[in-house]
Colleague: 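Quick one: structure below, then a few questions.
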There are 2 protein chains.
Amino acid sequence: MPALPVPTASASAPEAAHDNAPAFSPLYQQIKELITRSLQGGEWLPGQSIPSEMELAARFRVSQGTVRKAVDELATENLLVRRQGKGTFVATHAEERTQYRFLRLMSDAGGSPGLQRRLIGCRRQRVAADAARVLGLKSGDPVVEIRRVLLAADAPVVLDDILLPGALFKGLTAERLSAWKGPMYRLFEAEFGVRMIRAEEKIRAVAADASQAREMGVDAGAPLLSVERLSFTYGDKPVELRRGLYRTEHHHYRNELN
Amino acid sequence: MPALPVPTASASAPEAAHDNAPAFSPLYQQIKELITRSLQGGEWLPGQSIPSEMELAARFRVSQGTVRKAVDELATENLLVRRQGKGTFVATHAEERTQYRFLRLMSDAGGSPGLQRRLIGCRRQRVAADAARVLGLKSGDPVVEIRRVLLAADAPVVLDDILLPGALFKGLTAERLSAWKGPMYRLFEAEFGVRMIRAEEKIRAVAADASQAREMGVDAGAPLLSVERLSFTYGDKPVELRRGLYRTEHHHYRNELN
DNA sequence: AAGTGGTCTAGACCACCTG
DNA sequence: AGGTGGTCTAGACCACTTA
């Protein structure tokens with residue numbers, strides 16, 4: 001006898017459903033939505049454990065199996081992490097096996113390419129029209145632009161240009177960035193409460209222009225891999241626009257198709 | 001009271017497990033394995049329906065819920081497709097929404113880029129050492145090499161070079177390929193019984209050499225996206241090595257990160 | 001020993017499809 | 001009406017972790 005709006009069409013005023021509403025969802029999807037809202041609202045912070053399945057079942061007045069199905073899906077979406085015998089935890093960009101959950105760059109030799117970071121710049125400015133559109137900002141809104149290079153064995157491999165909404169990242173400065181050890185996305189979630197959930201990438205081959213060539217240590221016109229990433233937080237809200245240029249003589253972008 | 005080796009460690013000779021065997025798997029994983037073997041053995045062909053959950057439960061002497069969990073996982077791995085009210089079906093590379101399940105190329109305008117095919121060649125030869133290694137062949141084994149161009153609005157966009165083990169693709173000729181309408185992977189599964197399950201891709205930016213430039217209609221040295229794909233069939237057996245070169249002025253490779 | 005997630009069962013009812 | 005997959009429940013037991 002759940003306290004939530006019941007999932008069956010017959011018991012839920014079907015006669016009021018002749019607008020284009022998506023009809024009622026199953027109970028476990030409603031639970032999923034409620035848990036997601038608690039995550040978004042900060043009730044449980046990254047790295048912390050959430051209540052046990054039995055507690056959640058009592059709280060939502062459903063059976064443990066229903067909670068289980070909701071948590072299962074949130075775990076496959078990488079919002080939660082289950083650990084047998086210990087509990088269920090809010091996923092974090094810390095640890096994440098040596099950092100870099102989103103960076104698909106691999107060394108040709110195999111394995112991930114231990115990278116060093118060199119910050120080029122971090123400044124606030126007004127967003128251009130095209131970037132404003134994809135980030136859901138108004139043209140001219142403040143943004144933070146970060147530029148940096150990633151190096152493998154002192155040779156440049158990645159040139160990143162990162163754009164973040166200024167309203168969400170007040171107080172993000174070059175000093176904060178330089179002082180931070182660990183994944184950049186960990187800094188974002190720990191210090192600014194912005195958690196990157198998923199991202200879309202558009203990949204191209206481009207020719208290096210003069211300034212890119214200089215920073216990457218290649219000739220102008222050399223082929224570079226362009227990776228344009230739009231990252232989303234809870235509720236599919238876009239919060240980062242990033243363009244990476246990769247040297248791929250000794251590295252490659254690895255992908256799996258299912 | 002399942003007829004299978006029971007899943008619990010206590011009931012399954014734990015004293016024999018001090019070698020490095022992975023211990024016993026849960027029942028639903030054993031069911032998964034049995035279903036996979038039936039798929040591999042051709043008991044149910046692509047597009048056909050498999051027995052209902054109740055029938056499978058009776059056949060394997062387990063509950064419907066256990067079969068359900070096994071089928072669920074096989075469905076998320078794209079080996080099976082569930083259709084409510086109708087049954088569960090063996091996945092196929094036919095239909096697959098306008099073909100192209102593995103081709104991640106998108107038009108910059110948005111949407112998939114209706115492509116025409118032009119076969120350049122299809123011939124049998126001996127495999128080179130490096131290709132033999134990744135395909136699990138002996139150096140000098142026969143392979144089929146297919147070369148083709150994909151065009152959007154009569155302009156070349158993709159140059160494909162495809163290598164297949166000759167032993168699995170007897171009778172594959174340029175004529176067969178030209179006559180075939182529909183996805184190439186559909187031809188493979190329907191005529192040769194080879195179903196592509198998953199693939200790994202290594203992506204790079206490269207400069208076009210003289211002959212590639214000619215076939216792609218670009219200048220020599222122009223940047224092209226190189227997509228090296230290794231495709232696997234049942235049992236993670238590699239069965240295709242493919243190298244695609246993409247023009248990315250008006251198209252891009254789309255990827256999603258979770 | 002107690003608490004957590006993981007597996008398995010049995011049974012009920014719902015939603016969808018077909019004859 | 002009867003079959004299929006989809007959801008939900010209640011209860012049992014197992015495996016892993018911590019104290």
Side-chain angles (χ1 to χ4, degrees), chain A residues 1-14 17 22-33 35 44 48-76 80-91, chain B residues 1-14 17 22-33 35 44 48-76 80-91:
Chain A
M1 208 180 290
L4 304 162
V6 291
T8 64
S10 54
S12 59
F24 276 52
S25 25
L27 254 187
Y28 76 90
Q29 284 195 18
Q30 301 179 36
I31 306 294
K32 226 180 119 176
E33 180 60 29
I35 295 177
W44 313 302
Q48 292 179 349
S49 73
I50 72 171
S52 74
E53 293 181 354
M54 290 304 286
E55 286 176 280
L56 289 173
R59 165 164 162 182
F60 297 133
R61 315 284 210 93
V62 300
S63 79
Q64 189 211 7
T66 300
V67 168
R68 183 162 189 79
K69 178 143 186 174
V71 171
D72 272 346
E73 294 205 351
L74 290 171
T76 64
L80 297 176
V81 177
R82 321 192 69 142
R83 274 178 239 168
Q84 182 173 146
K86 300 180 72 174
T88 302
F89 298 77
V90 183
Chain B
M1 207 180 292
L4 305 163
V6 289
T8 63
S10 54
S12 59
F24 275 52
S25 24
L27 253 188
Y28 77 89
Q29 285 195 17
Q30 301 179 36
I31 306 294
K32 226 180 118 175
E33 178 60 29
I35 295 176
W44 314 302
Q48 293 180 348
S49 72
I50 71 170
S52 73
E53 294 181 354
M54 290 304 287
E55 286 175 280
L56 289 174
R59 166 163 161 183
F60 296 132
R61 314 286 208 95
V62 299
S63 79
Q64 191 211 6
T66 300
V67 169
R68 184 163 188 77
K69 177 143 188 174
V71 171
D72 272 346
E73 295 206 350
L74 291 171
T76 65
L80 297 176
V81 176
R82 320 192 70 141
R83 274 178 238 167
Q84 182 173 142
K86 299 179 72 173
T88 302
F89 298 78
V90 183

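Everything numeric in this text was worked out from a predicted model, so none of it was measured. Letters A, B, ... are given to chains in the order of the sequence lines, protein chains preceding strands, and every chain is numbered from 1.
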Colleague: To the nearest Å, give me how far apart CZ (B:Arg68) and P (C:dG6) are.
Modeller: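 Going from B:Arg68 (CZ) to C:dG6 (P), I get 19 Å.
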
Colleague: Rounding to a whole Å, what distance do you find between B:Ile50:CD1 and D:dG5:P?
Modeller: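 Going from B:Ile50 (CD1) to D:dG5 (P), I get 8 Å.
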
Colleague: Counting C-beta onward and ignoring hydrogens, is there a side-chain heavy-atom pair between A:Thr88 and A:Val81 closer than 4.5 Å?
Modeller: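 A side-chain contact is absent here, since even the closest heavy-atom pair is not under 4.5 Å.
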
Colleague: Using whole Å, what does the distance between atom C1' of nucleotide D:dC16 and atom CZ of A:Phe89 come to?
Modeller: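 Those two atoms, CZ and C1', are 13 Å apart.
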
Colleague: Show your working on side-chain hydrogen bond (donor to acceptor under 3.5 Å, both in side chains) between B:Glu55 and B:Ser52 and close with a plain yes or no.
Modeller: CA-CA 5 Å; B:Glu55 286 175 280; B:Ser52 73; 3.3 Å; yes

Colleague: To the side chain of B:Thr66, which of C:dC8, D:dG5, D:dT9 is closest?
Modeller: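 Selected nucleotide (nearest to the side chain): C:dC8.
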
Colleague: Are the side chain of B:Gln29 and the backbone N or O of B:Pro26 linked by a donor-acceptor pair below 3.5 Å?
Modeller: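 No, B:Gln29 side chain to B:Pro26 backbone: no donor-acceptor pair under 3.5 Å.
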
Colleague: Would you say that A:Glu73 contacts A:Tyr28 through its side chain, given a criterion of any heavy-atom pair below 4.5 Å between the two side chains?
Modeller: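 Heavy-atom side-chain distance check passes, below 4.5 Å.
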
Colleague: Is A:Arg83 close to A:Phe89 at the side-chain level, that is, under 4.5 Å between some pair of heavy atoms?
Modeller: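 A side-chain contact under 4.5 Å exists here.
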
Colleague: Please tabulate, one pair per line, each protein N/O and nucleotide N/O from nucleotides 17-19 of chain D that are separated by under 3.5 Å, including the distance.
Modeller:
| from | atom 1 | to | atom 2 | distance (Å) |
| --- | --- | --- | --- | --- |
| D:dT18 | OP1 | A:Lys86 | NZ | 3.4 |

Colleague: Choosing from D:dT7, C:dC8, D:dA10, which nucleotide comes nearest the side chain of B:Tyr28?
Modeller: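 Given the options D:dT7, C:dC8, D:dA10, the side chain of B:Tyr28 is closest to C:dC8.
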
Colleague: Return yes if some donor-acceptor pair links the side-chain N/O of B:Gln30 with the main-chain N/O of B:Ser25 below 3.5 Å, else return no.
Modeller: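 Yes; judged by distance alone, with no hydrogens or angles, the pair exists.
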
Colleague: How long is the line joining NZ of A:Lys69 and P of C:dG6, in whole Å?
Modeller: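 Value for this atom pair: 16 Å.
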
Colleague: Which listed nucleotide (C:dG5, D:dT4, C:dT9) is nearest to the side chain of A:Ser52?
Modeller: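 Output: C:dG5.
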
Colleague: Mind calculating the distance between CE (A:Met54) and P (D:dG11) to the nearest angstrom?
Modeller: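 Nearest whole value for this atom pair: 10 Å.
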
Colleague: Could you give the CZ-to-C1' distance, from A:Arg83 to D:dA15, as a whole number of Å?
Modeller: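 My rounded result for the distance is 17 Å.
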
Colleague: For the side chain of A:Glu55, counting heavy atoms from C-beta on, which of C:dT9, C:dT4, D:dC8 is nearest?
Modeller: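 The listed nucleotide nearest to A:Glu55's side chain is C:dT4.
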
Colleague: Starting at atom CD of B:Gln29, determine the distance to atom P of C:dG6, rounded to an integer number of angstrom.
Modeller: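 Atom-to-atom, B:Gln29 to C:dG6, this comes out as 13 Å.
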
Colleague: Take atom CG of A:Asp72 and atom P of D:dC8, then tell me their distance rounded to the nearest Å.
Modeller: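 After rounding, the reported distance stands at 14 Å.
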
Colleague: Please tell me if the side chains of A:Trp44 and A:Pro51 come closer than 4.5 Å, counting only heavy atoms from C-beta onward.
Modeller: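 A:Trp44 reaches A:Pro51 side chain to side chain.
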
